[in-house]
Structures are given as structure tokens and as C-alpha cells.
Amino acid sequence: EDMITRIKECVIEGDEDSVIMLIDQALDALVPVNRIMTEGLTEAMNVVGKQMECGDLFIPEVLMCAETMKAGMEYLKPKMGDAEMKTLGKIVIGTVAGDLHDIGKNLIKMMFEVSGFEVIDIGIDQGPDKFLEIYEKEKPDIIGLSALLTTTMVSMQETVELLRKNEVSAKIIVGGAPVTAEFAKTINADGYSDDAGGAISLCKKLLN
Ligand code: B1M
């Protein structure tokens, strides 16, 4: 019990060295891997996501937490059975055409990964066709579009239009600094979030 709480706190504090040490101790004490994963690492990220949503944690701190959790996950992965590795869903994310900003997208990607989603990142400056192509190939549950420029919000709209025209079954979510909930509604996206924590709660809700 105590060990799992300490692992959780370590992730929240972004203490990467200690988290590996504590995981080792927990494994030595025969704490099951899936409990370390869900009640330690994943739970920590839930806390971090919520703190981010209400503005108690800032981007650099969140990145440190995410890195710490990622290190813990990587360390645990080889010790897990296949059954324990089931994902919450598959998400394709990318920054829309004409837009080269990727810091926010990368943060979203990392948070999704550590929260138990399978993430396919198609990178920056990706046009509607590319999103459709990857949808056909990967059949994700969610498609996430990021835009940081008012000028590229148009590409975001065109991408959603093309995906809708092709009747994709994936839920489409959008985000990025200039994007608003109202704009998301206007372009017929399924959801919007203004930060990574919110994007995760949103996707969990959309997939239920
Ligand atoms: Co540029 N840039 N930039 N820039 N840049 C902005 C966005 C700008 C607001 C700066 C300003 O003028 N005040 C402005 C846009 C103005 C506008 O259109 N309204 C701007 C401009 C104008 C430009 C250029 C045109 C500058 C020029 O060349 N004249 C140019 C465009 C290049 C292009 O894309 N074609 C440009 C270039 C660049 C750099 C390359 C120098 C660099 C990008 C580096 C990189 O990404 N690898 C850069 C940067 C760093 C910024 C600022 C300073 C920071 C953006 C950032 O990374 N924030 C930015 C000003 C600012 O925002 N303060 C600015 C941190 C990041 C974690 O936040 O990306 O918002 P953010 O992501 C958040 C949320 O938005 C949300 O969650 C994230 C985590 O909380 N979110 C999602 C994001 N995507 C989501 C997707 C989701 C859900 C949530 O679901 C799928």
C-alpha cells in the first residue's frame, strides 16, 4: 500500500531516479505489476491531469511528471503479460497543414501514452488527405487535430470536413491555443479541450 503511494507521489513530483528504485522495491516485495501500473503510475497521471486542468500545475512540471511516468512504464513493460497491456483506445494525432507547432501535440501524445492509450503521431504540417489515409490504415478510435495558428484553423476545418465526408467512425477531437469550444462545434468536431489533462478525460468520456 505504502509503496504504491510512494510511487504515485514520486511521479507527481517528477522524480525519475527514485521512481525506478521504488518500482524495484515494490517488485521485490511481490506487489503485482498491474497494481504498480494502475494504482501507482496511472493514478499519478490522473492527479497531474486534474491539477493541470485547474491550473495548479504548469507545462514544465507536467512534462517532468510525464517523463517520470514514461520511465516507469518503460521499466515495467517487459515485466507485464500481454493481457495486462490492453489499451484504453487507439488515437491518431497530428498538427494540421501549414502548422509547424508541435510542443503541445507532443505533450498530449505523452499524456495519452502514459494514460494507457495507443498513440500514433503523424507529426506536423499534415493535410486532410494524410489524416484520412492514416484513418483507413489504422482505424483508430479517436483522431486528434492540433492547430496553433489562426491561419491553420482553416486546415483543421477542412480536415474534419473530409473525415466526415468519408464517414469515419473515429471520434474527432481538436485543440490548440486559438481553438475554442465554439469553433469546435462550428466545424462539427466531437470534442475540444484546452489542455492535455482535459483531452484525456474527454476521450475517456467519448469512448464510453
Ligand atoms: Co509560433 N506562434 N509561430 N512558434 N509560437 C504562436 C502560436 C503565437 C501565438 C505567438 C504570438 O504571436 N503571440 C503566434 C500565432 C498567432 C495566431 O495565429 N493567433 C505564432 C506565430 C505567428 C508563429 C509564426 C507565424 C511566426 C513567424 O514565423 N512569423 C511561425 C509559424 C510557423 C508555422 O507553424 N508555419 C511560428 C513558429 C514558431 C516556432 C517554430 C518558433 C515555435 C514552435 C516550435 C515547436 O512547436 N516545435 C513557436 C512557438 C514555440 C510558439 C509559442 C511561443 C509557444 C507555443 C507552445 O509550444 N506552447 C506560441 C505563443 C504562445 O502560445 N505563448 C506561438 C506550449 C504548448 C504546451 O502549448 O501548443 O498551446 P500549446 O498546447 C496546449 C493546448 O493548446 C492544448 O494542450 C496543450 C497542452 O496544454 N492542445 C490540445 C494543443 N493541441 C491540442 C490538441 C488536442 C487537445 C488539446 O486534441 C487533439
Side-chain angles (χ1 to χ4, degrees), residues 12 14 45-67 69-70 87-128 130-132 134-135 138 140-164 168-207:
I12 296 171
M45 224 53 216
N46 288 341
V47 174
V48 169
K50 291 216 176 77
Q51 289 182 346
M52 187 175 170
E53 274 178 72
C54 50
D56 291 342
L57 265 190
F58 298 103
I59 305 294
E61 295 160 301
V62 176
L63 284 172
M64 276 176 68
C65 301
E67 286 292 356
M69 170 148 190
K70 221 173 155 184
T87 74
L88 290 179
K90 194 194 241 188
I91 172 164
V92 162
I93 58 167
T95 303
V96 300
D99 203 317
L100 308 177
H101 295 84
D102 68 355
I103 300 172
K105 170 187 69 61
N106 294 345
L107 179 66
I108 299 269
K109 173 187 174 181
M110 211 189 287
M111 292 281 282
F112 269 105
E113 279 175 349
V114 297
S115 302
F117 286 83
E118 181 190 347
V119 186
I120 298 162
D121 178 6
I122 62 169
I124 53 175
D125 193 15
Q126 299 296 337
K130 182 69 191 185
F131 279 96
L132 182 60
I134 194 87
Y135 168 78
E138 299 285 351
D141 304 296
I142 295 164
I143 300 173
L145 312 176
S146 183
L148 262 287
L149 300 170
T150 34
T151 48
T152 57
M153 288 166 77
V154 183
S155 333
M156 184 173 257
Q157 176 160 17
E158 287 166 0
T159 305
V160 179
E161 270 167 19
L162 183 72
L163 293 169
R164 291 289 181 226
V168 304
S169 63
K171 302 284 184 194
I172 305 170
I173 67 160
V174 296
V179 181
T180 61
E182 204 187 344
F183 177 72
K185 224 174 174 174
T186 312
I187 65 170
N188 197 17
D190 293 302
Y192 156 82
S193 161
D194 64 354
D195 65 25
I200 285 155
S201 347
L202 171 68
C203 288
K204 285 184 178 165
K205 221 162 58 198
L206 285 174
L207 294 182

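Position 1 is the first residue of the sequence, and the numbers go up from there. Every number for a ligand or one of its atoms is a count from 1 in the order of the listing.
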Check: of Asp194, Ile200, Leu63, min heavy-atom distance to atom 76 (C) of ligand 1 comes from Asp194

Output yes when a side-chain donor or acceptor of Asp141 lies under 3.5 Å from a complementary backbone atom of Lys90, and no otherwise. yes

Name of whichever N/O/S atom of His101 is nearest to atom 1 (Co) of ligand 1: NE2

among protein heavy atoms, the one nearest atom 77 (O) of ligand 1 is Asp195 CA, 3.5 Å

re atom 17 (C) of ligand 1, the protein heavy-atom contact at minimum distance is Thr150 OG1, 3.4 Å

Have a look at ligand 1 and work out which part of Val179, if any, has a heavy atom under 4.0 Å from it: side chain, backbone, both or neither. neither

For atom 90 (O) of ligand 1, the protein heavy atom that lies nearest, with its residue and separation: Ile173 CD1, 3.5 Å

How far does CD1 of Ile142 sit from CD of Glu118, to the nearest 0.5 angstrom? 12.0 Å

Check whether any side-chain N or O of Glu67 sits under 3.5 Å from a backbone N or O of Cys65 as a donor-acceptor pair, and report yes or no. no

Closest candidate by heavy atom, reference atom 34 (O) of ligand 1, pool Val62, Thr95, Leu100: Leu100

Tell me whether Lys105 has any N or O atom under 3.5 angstrom from an N or O of ligand 1. no

Do Thr151 and ligand 1 have an N or O pair less than 3.5 Å apart? no

Check step by step if side chain to side chain contact (heavy atoms under 4.5 Å, CB included) holds for Lys109 and Glu113. CA-CA 6 Å; Lys109 173 187 174 181; Glu113 279 175 349; 3.4 Å; yes

In this structure, does ligand 1 have an atom that sits under 4.0 Å from one of the heavy atoms of Ser193? yes

Suppose we measure from atom 81 (N) of ligand 1 to each protein heavy atom; which comes out shortest, and what is that distance? Gly176 N, 3.4 Å

Between Thr180 and Phe183, is there a donor-acceptor pair closer than 3.5 Å when you use the side chain of the first and the backbone of the second? yes

Check the pair Glu138, Ile122 against side chain to side chain contact (heavy atoms under 4.5 Å, CB included), reporting the backbone distance first and the verdict last. CA-CA 12 Å; Glu138 299 285 351; Ile122 62 169; over 6 Å; no

Out of Asp102, Ile108, Ile103, indicate the one that has the non-hydrogen atom closest to atom 50 (C) of ligand 1. Ile103

Out of Gly144, Gly104, Gly191, who is nearest to atom 66 (C) of ligand 1 when you count heavy atoms only? Gly104

Option set Met156, Met111, Met52, Lys109, criterion heavy-atom distance to atom 80 (O) of ligand 1, minimum: Met52

Please state whether Leu148 comes within less than 4.0 angstrom of ligand 1, counting heavy atoms only. yes

N/O separation below 3.5 Å, Gly98 to ligand 1: yes

Verify side chain to side chain contact (heavy atoms under 4.5 Å, CB included) between Phe117 and Leu207, making sure each step is shown before the conclusion. CA-CA 12 Å; Phe117 286 83; Leu207 294 182; 4.0 Å; yes

Considering only the protein, which heavy-atom contact is closest to atom 79 (C) of ligand 1, and what is its distance? Leu107 CD2, 3.5 Å

Which residue and atom name correspond to the protein heavy atom nearest atom 84 (N) of ligand 1, and how close is it? Ser146 OG, 2.7 Å

Flag, side chain of Asp125 to backbone of Leu100, donor-acceptor distance under 3.5 Å: no

What verdict does the side chain to side chain contact (heavy atoms under 4.5 Å, CB included) test give for Met153 and Thr150, after you've listed the backbone C-alpha separation in whole Å, the side-chain angles of each residue and the deciding distance to 0.1 Å? CA-CA 5 Å; Met153 288 166 77; Thr150 34; 4.1 Å; yes

Around atom NZ of Lys185, are there more than 12 heavy atoms from other residues, nucleotides or ligands closer than 6.0 Å? no

Does the distance from a Lys or Arg side-chain N to an Asp or Glu carboxylate O, for Lys205 and Asp190, drop under 4.0 Å? no

Protein heavy-atom partner closest to atom 16 (C) of ligand 1 - residue, atom, separation in Å: Leu149 CD2, 4.5 Å

Of Asp121, Asp99, Thr95, the one forming a side-chain hydrogen bond (donor to acceptor under 3.5 Å, both in side chains) with Lys105 is Asp121

